[in-house]
S.K.: 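The structure is given below, and queries will be raised subsequently.
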Amino acid sequence: MTEPKTMTPKTMTMVEAINKALHDAMEADPKVLVLGEEVGDKEGGGVMGVTAGLSTKFGTDRVKSTPITEQAIIGAAIGASIGGYRPVAEIMLMNFIAVPMDMIVNHAAKLRFMSGGQTSVPIVIRTMTGTGFQTGGQHSDYLEAWFAHTAGIKVVAPSCPDDGYGLMRSAIEDNDPVLFIENLPTYWNPGPVSGQHVPIGKARIAREGTDVTIVAHSLMVHRAAAAAEELAKEGISVEIIDLRTISPWDKEGVLASCAKTGRALVVHEAVRQFGIGAEIASTIGDELWGTMKAPVKRLGGAFSAVPFSKPLEDAFAPQPADIAATVKLLMG
Amino acid sequence: MTEPKTMTPKTMTMVEAINKALHDAMEADPKVLVLGEEVGDKEGGGVMGVTAGLSTKFGTDRVKSTPITEQAIIGAAIGASIGGYRPVAEIMLMNFIAVPMDMIVNHAAKLRFMSGGQTSVPIVIRTMTGTGFQTGGQHSDYLEAWFAHTAGIKVVAPSCPDDGYGLMRSAIEDNDPVLFIENLPTYWNPGPVSGQHVPIGKARIAREGTDVTIVAHSLMVHRAAAAAEELAKEGISVEIIDLRTISPWDKEGVLASCAKTGRALVVHEAVRQFGIGAEIASTIGDELWGTMKAPVKRLGGAFSAVPFSKPLEDAFAPQPADIAATVKLLMG
Amino acid sequence: MSNTPKPDAATLLAIWKKATLIKLNDERIIKQMMAGKLVMPYYSPRGQEIIPSALSMHLTDDDYICTIYRGIHDMLAKGFPLGELWAELAGRATGTCKGKGGPMHLTHPAKGMMVTTGIVGSSMPIATGLGWAAKLDGKNRVSVANFGDGAANIGAFHESMNMAALWKLPVIFMCQNNLYAEHTSAADSRVVDRISARADAYGMPGVTVDGNDPDEVYGATKIAIERARAGEGPTLIEAVTFRFNGHLLGEAGTYMDKQLYAECQAKDPMPILRARLLTEGIATEDDLVAVEADINGQIDVALAAAMAAPFPDPSELKRDVFAQDLA
Amino acid sequence: MSNTPKPDAATLLAIWKKATLIKLNDERIIKQMMAGKLVMPYYSPRGQEIIPSALSMHLTDDDYICTIYRGIHDMLAKGFPLGELWAELAGRATGTCKGKGGPMHLTHPAKGMMVTTGIVGSSMPIATGLGWAAKLDGKNRVSVANFGDGAANIGAFHESMNMAALWKLPVIFMCQNNLYAEHTSAADSRVVDRISARADAYGMPGVTVDGNDPDEVYGATKIAIERARAGEGPTLIEAVTFRFNGHLLGEAGTYMDKQLYAECQAKDPMPILRARLLTEGIATEDDLVAVEADINGQIDVALAAAMAAPFPDPSELKRDVFAQDLA
Ligand SMILES: Cc1ncc(C[n+]2csc(CCOP(=O)(O)OP(=O)(O)O)c2C)c(N)n1
Ligand SMILES: Cc1ncc(C[n+]2csc(CCOP(=O)(O)OP(=O)(O)O)c2C)c(N)n1
Ligand SMILES: [Mg+2]
Ligand SMILES: [Mg+2]
């Protein structure tokens with residue numbers, strides 16, 4: 001895991017941090033391109049403003065708003081990357097990633113291997129998701145597990161602006177395709193941004209503790225933190241590992257924390273069944289066999305589509321209270 | 001888990017068994033339809049002959065060969081099912097399922113829930129896959145994990161003709177969408193077929209044993225059986241659970257076997273990382289905490305695209321020797 | 001379009017009534033949202049009222065429609081019960097989808113409203129499948145796929161149009177061209193001016209009409225639906241219109257061409273049709289006011305009932321995932 | 001097509017040489033497979049030799065092409081080195097893709113052969129992206145997307161054509177219409193006769209040529225490529241041809257119309273072009289035999305080297321997954 005940042009940071013929201021990363025990356029390397037629906041300033045610089053200012057500054061040749069055409073968006077990104085560019089393609093919401101799935105999984109992720117290393121696909125696919133705005137079954141899903149299960153593509157999901165900036169810079173410079181997952185409900189949460197690159201594949205200790213390790217990413221890091229605050233009042237010391245990179249995940253970092261605490265809970269917003277928590281939990285169970293003090297637990301979204309109605313939506317994903325209750329269970 | 005069959009069975013290949021199930025289902029219910037590329041007899045009754053004879057017997061209104069148009073194939077199946085039919089749609093090879101992914105995941109799997117139960121999507125999506133014919137990176141993948149992680153769709157994968165017949169009959173009669181995964185390399189292996197329905201959600205004890213439980217499905221049941229034969233010679237008694245249904249999987253059946261043997265290995269052909277074995281392994285680790293004699297192990301495909309070259313292809317998926325070696329590791 | 005069938009006076013009045021229900025309902029939704037009494041993503045169909053109102057003159061409850069997140073007008077025109085609509089928008093257990101679907105997934109099969117989708121383009125393949133079912137049923141049903149201009153650039157459009165034409169399915173591809181796809185103008189989406197011209201690629205008739213003109217929409221949809229019922233296959237209709245409240249309620253709308261907006265405002269079909277009914281003597285001001293009052297009254301009732309209804313129980317997360325409840 | 005540019009004698013001979021390499025290479029592959037010395041899924045391009053041979057007269061190594069599982073002819077015409085081809089087909093470490101890709105994923109960027117895909121339709125979006133790169137580079141490169149008639153019914157076709165036309169990208173959409181998509185005939189795939197007519201839907205020129213006629217293919221591709229290099233955007237070319245060895249080598253072929261097959265056989269471009277070279281005095285029989293012998297000799301060398309080469313080590317599973325080797 002990486003060392004804590006030492007520079008004097010600025011305060012930014014996630015939207016601003018990613019926007020700045022895109023600006024800085026386009027400035028640093030003329031091969032960096034941006035494409036997607038509404039990404040140009042004429043269309044508002046992205047529905048949430050994440051790409052604001054880019055087309056004005058770098059021109060509409062490098063920053064292209066597209067029709068609604070997800071297969072062609074990813075195809076264009078793949079082709080341009082094989083042709084020497086570094087496109088950052090936006091798929092507006094994560095559910096829509098099902099539309100260009102063939103392009104991502106059968107092509108972007110595989111071309112390097114299938115060509116024996118002759119071609120590479122250094123693209124970033126930005127996408128947004130998350131429950132919380134009552135957008136229902138087709139606009140809220142976390143689908144990181146599909147891509148973590150796919151060799152040849154990396155998956156990152158920052159929980160704070162600093163990592164949003166740093167992971168975006170690293171993702172763009174990475175020579176392989178990276179899926180970059182942004183959480184909508186925390187887009188406007190401010191946080192310090194150091195302007196440093198964050199290495200892909202390294203988790204972050206979001207909170208130090210000694211009794212239980214919680215492994216989380218994206219929004220769930222915040223929910224885990226809220227739970228940890230409550231638990232601290234009861235004398236339970238929680239360590240939170242923010243995965244940041246889901247694939248390849250930081251096995252060493254996670255195992256080190258679990259070895260220290262002896263108890264582990266993996267939390268994600270995606271449906272629990274066959275979610276990424278299973279890989280992490282079974283790896284902990286295997287590698288730390290005989291040393292854990294309690295079974296490795298998992299929390300995740302309900303086994304259903306994301307519901308519209310507020311009380312149902314709130315019940316869908318793990319809440320701080322659920323997390324706290326499971327930690328207490330682990331404490332026995 | 002279900003009782004052993006008692007009727008006098010006929011010997012059939014998997015191709016014949018599924019073909020017979022389709023014939024019997026279309027005969028039993030005029031609402032059953034079949035569609036997909038090349039499924040009609042004019043086009044050869046399916047590239048592997050699985051749908052042979054159907055269009056001749058039931059007519060080209062009920063058995064429709066389609067253009068190459070996977071989104072429309074699944075869309076047509078969904079629409080027809082909402083309109084009261086029970087379509088069996090073929091996606092020729094499992095990698096192509098990435099093309100209609102939106103139709104399957106955002107629509108087929110969710111319409112019942114999102115409509116509050118007003119509509120249902122009783123479709124079967126047949127698909128074929130598997131390494132072994134050197135068809136390379138875009139024609140060999142097992143992708144069951146994506147769908148097991150998706151609420152609202154069931155996933156089955158028979159390993160023997162009897163289950164091929166019985167699961168197909170159940171899948172067609174099921175009121176929810178079912179993804180039906182066929183293994184290409186074992187299509188022509190003969191086996192007894194009783195003509196009974198096989199319930200969805202129930203695993204099968206493919207071999208009884210006392211020392212180690214191997215959980216597998218599809219081709220890997222056969223590889224596990226080959227390993228078990230070898231291990232028996234060394235006095236190690238292996239129990240093989242053929243999952244048959246991957247989602248919802250037979251947790252009770254698997255846990256009962258593991259509770260008995262105290263050791264478990266989950267094997268699948270799909271990439272190991274974030275594969276379905278993780279869910280099963282972490283569930284065993286959690287639910288049988290403190291009672292297992294060894295860590296739960298997993299074997300799966302390499303973390304790469306499926307390679308073309310024969311020695312690489314052979315090295316990609318778990319072989320009997322890999323399975324046997326892991327079992328011995330578990331025996332300590 | 002001069003020799004296409006035109007609505008008679010009674011039909012024109014009926015179209016206006018449906019359109020007015022849509023408009024007043026839209027106004028009430030916005031009012032509730034502005035007051036913070038209703039929270040949801042809302043894609044207002046204000047401006048597009050005429051299209052489904054005229055189309056639905058030719059449909060029965062047995063006919064199928066599929067629509068999109070912006071499809072409340074399609075739903076209301078086809079006869080969606082107001083009570084179940086408002087309860088759904090409010091996320092209540094009494095909503096048509098028990099609160100699980102919300103505005104983007106309104107469904108009411110009892111009146112042929114089969115699917116509302118939030119994924120651009122996806123109404124078309126499913127409506128094509130319903131057309132297949134309709135054809136197999138042999139009951140002369142038709143299936144209507146509603147979608148926007150933006151959706152005409154996505155793969156699902158191409159695949160559905162080709163399949164429906166090839167199989168001669170009774171499908172009406174109803175493209176509601178409101179000049180924008182989110183914040184993107186037509187010129188930034190495609191080179192060809194008329195979406196209807198794409199019908200040629202599939203050997204299907206294609207026609208563009210003024211979507212604000214009840215005569216044109218009524219006529220074109222009548223021809224297409226009769227064709228479909230007669231087993232002659234699908235038609236692509238492009239109905240040109242505008243949406244006055246932007247893509248998503250609350251957006252700034254800065255991307256919109258101001259002159260274009262003004263031009264469209266001058267063509268707002270609602271005041272025009274209302275005036276026409278009076279001019280042509282189809283109704284008196286009193287008649288119209290009475291209808292409006294009646295509709296508002298119905299909305300009052302639906303709204304009040306919705307707000308008084310219970311929210312769904314969390315246990316609903318385990319229902320309707322599969323036919324059999326989860327444990 | 002009478003006033004379109006035609007190949008001169010030397011060019012015609014060059015086209016024949018490429019086509020002959022493709023044909024003899026195909027024959028050798030089949031011979032090896034039949035003898036059990038080569039095991040792979042093989043989609044023979046026999047019959048389609050003229051299309052890439054004539055097209056490639058206008059391409060340089062800097063131009064991009066993407067093709068499909070049946071694209072060995074496209075590769076050879078563009079200059080794929082025989083040794084690396086055969087080693088790849090034999091799954092050897094010395095293959096162009098180190099044996100990892102095989103016949104369905106032949107790649108050789110050194111000569112502009114960027115992607116071979118096994119997913120129908122997927123060559124088009126990627127070739128469109130390469131066209132975008134070419135445009136950004138400003139070096140007048142073009143990008144060719146090869147695909148079959150069956151691929152013209154899938155969504156990726158629609159999306160790529162629309163984007164390429166909208167962005168005026170230097171892309172040539174080269175539809176090799178061999179009358180069948182696997183076992184499905186055109187009539188069971190679409191209503192419209194001419195795939196090139198679909199270009200209208202995107203505001204792009206579309207042309208159909210006899211894919212067996214070197215003059216027609218040469219002329220149409222010259223116009224399209226010049227147009228692309230001049231920044232005027234993409235063209236859809238439908239080259240009508242036939243594939244004589246069925247979809248996948250070893251299939252029964254029972255789905256094929258016998259009369260159609262016989263008609264196509266009479267139009268086999270290879271004997272026709274060979275005869276023409278002699279009739280028009282472009283070459284003597286001795287010249288042609290010498291070329292054929294030379295090509296066969298080259299194939300002998302490539303084949304022998306491939307068979308003698310080592311298989312990749314299993315550790316290759318950890319290489320080329322990411323830029324950095326896996327642990
Ligand atoms: C596949 C997909 N891509 C992107 C989106 C995001 N999105 C929602 S509506 C919309 C614009 C659709 O425009 P149009 O088809 O013209 O319909 P309108 O909203 O104008 O009625 C977009 C891009 C989506 N829902 N689905
Ligand atoms: C998306 C997808 N669907 C189905 C297939 C199976 N398949 C392989 S080739 C083929 C036929 C393609 O026909 P066409 O585009 O005409 O090319 P041809 O093989 O005739 O050269 C099909 C259906 C596939 N590879 N990809
Ligand atoms: Mg629109
Ligand atoms: Mg073909």
Side-chain angles (χ1 to χ4, degrees), chain B residues 30-31 33 35 59-62 64-85 87 89 99-100 102-103 105-123 150-154 174-178 200-201 247-248 251, chain C residues 64 66 88 93 95-102 104-110 113-119 121-137 141 143 154-156 158-164 166-167 169 171 312 316-317 319-324 326-327:
Chain B
K31 294 289 189 185
L33 309 173
L35 78 162
T60 50
D61 282 344
R62 287 179 66 194
K64 291 197 88 71
S65 283
T66 67
I68 308 173
T69 185
E70 278 81 6
Q71 293 190 70
I73 291 170
I74 303 298
I78 294 172
S81 76
I82 297 176
Y85 290 84
V99 178
D102 164 60
M103 279 290 131
V105 164
N106 285 327
H107 294 89
K110 289 179 177 171
L111 288 178
R112 178 190 289 279
F113 185 85
M114 296 195 307
S115 74
Q118 293 178 96
T119 54
S120 61
V121 184
I123 66 174
T150 304
I153 184 168
K154 300 176 182 177
D174 199 277
N175 288 323
D176 289 299
V178 179
I200 290 176
S247 179
K251 204 165 114 173
Chain C
Y64 296 128
C66 294
E88 187 63 28
T96 183
C97 306
K98 303 182 193 163
K100 296 176 177 181
M104 271 199 264
H105 305 299
L106 294 170
T107 310
H108 203 71
M113 286 166 279
M114 309 310 285
V115 171
T116 300
T117 181
I119 310 287
S122 295
S123 59
M124 289 178 267
I126 300 179
T128 300
L130 283 157
W132 183 28
K135 184 168 183 164
L136 286 165
D137 283 345
R141 270 183 188 155
S143 171
I154 205 165
H158 182 68
E159 296 196 12
S160 325
M161 298 270 291
N162 190 56
M163 182 182 272
L166 184 68
W167 294 1
L169 300 180
V171 182
E316 280 295 332
L317 285 174
R319 295 213 182 90
D320 305 320
V321 175
F322 289 128
Q324 204 179 331
L326 300 178

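Keep in mind that what you see is a predicted model, and the values were worked out from it rather than measured. In what follows, chains carry the letters A, B, and so on, assigned in the order in which the sequence lines appear, proteins first and then strands, with residues in each chain numbered from 1.
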S.K.: Quick one: what part of Leu35(B) sits under 4.5 Å from any heavy atom of chain C, side chain, backbone, both or neither?
M.R.: side chain
S.K.: Provide the closest heavy-atom pair for Pro87(B) versus Ala77(B) in the form atom of the first, atom of the second, distance.
M.R.: CG-O, 3.3 Å
S.K.: Using a cut-off of under 4.5 Å for heavy-atom pairs, which of Trp132(C), Trp167(C), Phe322(C) has the most such pairs with chain B?
M.R.: Phe322(C)
S.K.: Picking from Pro122(B), Ser81(B), Gly116(B), Gly84(B), which has the most non-hydrogen pairs under 4.5 angstrom with chain C?
M.R.: Gly116(B)
S.K.: Applying side chain to side chain contact (heavy atoms under 4.5 Å, CB included), run through Arg319(C) and Lys100(C) and close with a yes or a no.
M.R.: CA-CA 10 Å; Arg319(C) 295 213 182 90; Lys100(C) 296 176 177 181; 3.8 Å; yes
S.K.: Quick one: does Gln71(B)'s side chain have a donor or acceptor within less than 3.5 Å of a partner on Pro100(B)'s backbone?
M.R.: no
S.K.: Given heavy-atom pairs under 4.5 angstrom as the criterion, report whether the side chain, backbone, both or neither of Thr66(B) touches chain C.
M.R.: both
S.K.: So for Ile153(B), is it side chain, backbone, both, or neither that comes closer than 4.5 Å to the heavy atoms of chain C?
M.R.: backbone
S.K.: With a 4.5 angstrom heavy-atom cut-off, which part of Glu316(C) approaches chain B: side chain, backbone, both or neither?
M.R.: backbone
S.K.: Any side-chain to backbone donor/acceptor pair from Thr128(C) onto Ala76(B)? Under 3.5 Å, distance only.
M.R.: no
S.K.: Do Leu166(C) and Pro67(B) have side chains that approach each other closer than 4.5 Å (heavy atoms only, starting at C-beta)?
M.R.: yes
S.K.: Check whether Val115(C) gets within reach of chain B through its side chain, its backbone, both or neither, counting any heavy atom under 4.5 Å.
M.R.: side chain
S.K.: Below 4.5 Å, heavy-atom pairs only: which of Leu106(C), Thr117(C), Thr116(C) has the largest tally toward chain B?
M.R.: Thr117(C)
S.K.: What part of Met163(C) is in contact with chain B, defined as an atom under 4.5 angstrom from a non-hydrogen atom: side chain, backbone, both or neither?
M.R.: side chain
S.K.: Between Thr107(C), Leu130(C), Leu136(C), Ile126(C), who has the most heavy-atom pairs with chain B when the cutoff is under 4.5 Å?
M.R.: Ile126(C)
S.K.: Among the options Met124(C), Arg141(C), His108(C), pick out the one with the most heavy-atom pairs lying under 4.5 Å from chain B.
M.R.: His108(C)
S.K.: Could you tell me which of Leu33(B), Thr119(B), Ile82(B), Thr69(B) has the largest number of non-hydrogen atom pairs under 4.5 Å with chain C?
M.R.: Thr69(B)
S.K.: Do His107(B) and Ile119(C) have side chains that approach each other closer than 4.5 Å (heavy atoms only, starting at C-beta)?
M.R.: yes
S.K.: How long is the gap from CG on Asp320(C) to NZ on Lys98(C), to the nearest 0.5 Å?
M.R.: 3.5 Å
S.K.: Could you tell me the separation between the CD atom of Glu88(C) and the OG1 atom of Thr96(C), rounded to the nearest 0.5 Å?
M.R.: 6.5 Å
S.K.: Minimum heavy-atom separation for Ala72(B) to Pro125(C), with atom names?
M.R.: CA-CB, 4.3 Å
S.K.: Taking side chain as everything from C-beta outward and backbone as N, CA, C, O, which of these in Leu111(B) sits under 4.5 Å from a heavy atom of chain C? Side chain, backbone, both or neither.
M.R.: side chain
S.K.: Got a donor-acceptor contact below 3.5 angstrom from the His105(C) side chain to the Ser115(B) backbone?
M.R.: no
S.K.: Could you go through Cys97(C) and Gln118(B), starting from their C-alpha distance and side-chain angles, then the distance that decides it, and tell me whether this counts as side chain to side chain contact (heavy atoms under 4.5 Å, CB included)?
M.R.: CA-CA 7 Å; Cys97(C) 306; Gln118(B) 293 178 96; 3.8 Å; yes
S.K.: For the residue pair Ser123(C) and Cys66(C), what are the closest heavy atoms and their distance?
M.R.: O-CB, 3.9 Å
S.K.: Less than 4.5 Å to any heavy atom of chain B: does that hold for the side chain of Leu326(C), its backbone, both, or neither?
M.R.: neither
S.K.: Taking Asp137(C), Asn162(C), Leu169(C), Leu317(C) one by one, which has the highest count of heavy-atom pairs under 4.5 Å against chain B?
M.R.: Asp137(C)
S.K.: For each of Asn106(B), Asn175(B), Ile78(B), Asp102(B), tally heavy-atom pairs with chain C at distances under 4.5 Å, and name the one with the top tally.
M.R.: Asp102(B)
S.K.: Do you know which of Glu70(B), Lys31(B), Arg112(B) has the most heavy-atom pairs with chain C at a distance under 4.5 angstrom?
M.R.: Arg112(B)
S.K.: For Ala127(C), is it the side chain, the backbone, both or neither that has a heavy atom under 4.5 Å from a heavy atom of chain B?
M.R.: neither
S.K.: What part of Lys110(B) gets closer than 4.5 Å to chain C, counting heavy atoms only: side chain, backbone, both or neither?
M.R.: neither
S.K.: Side chain, backbone, both or neither: which part of His158(C) has a heavy atom under 4.5 Å from chain B?
M.R.: neither
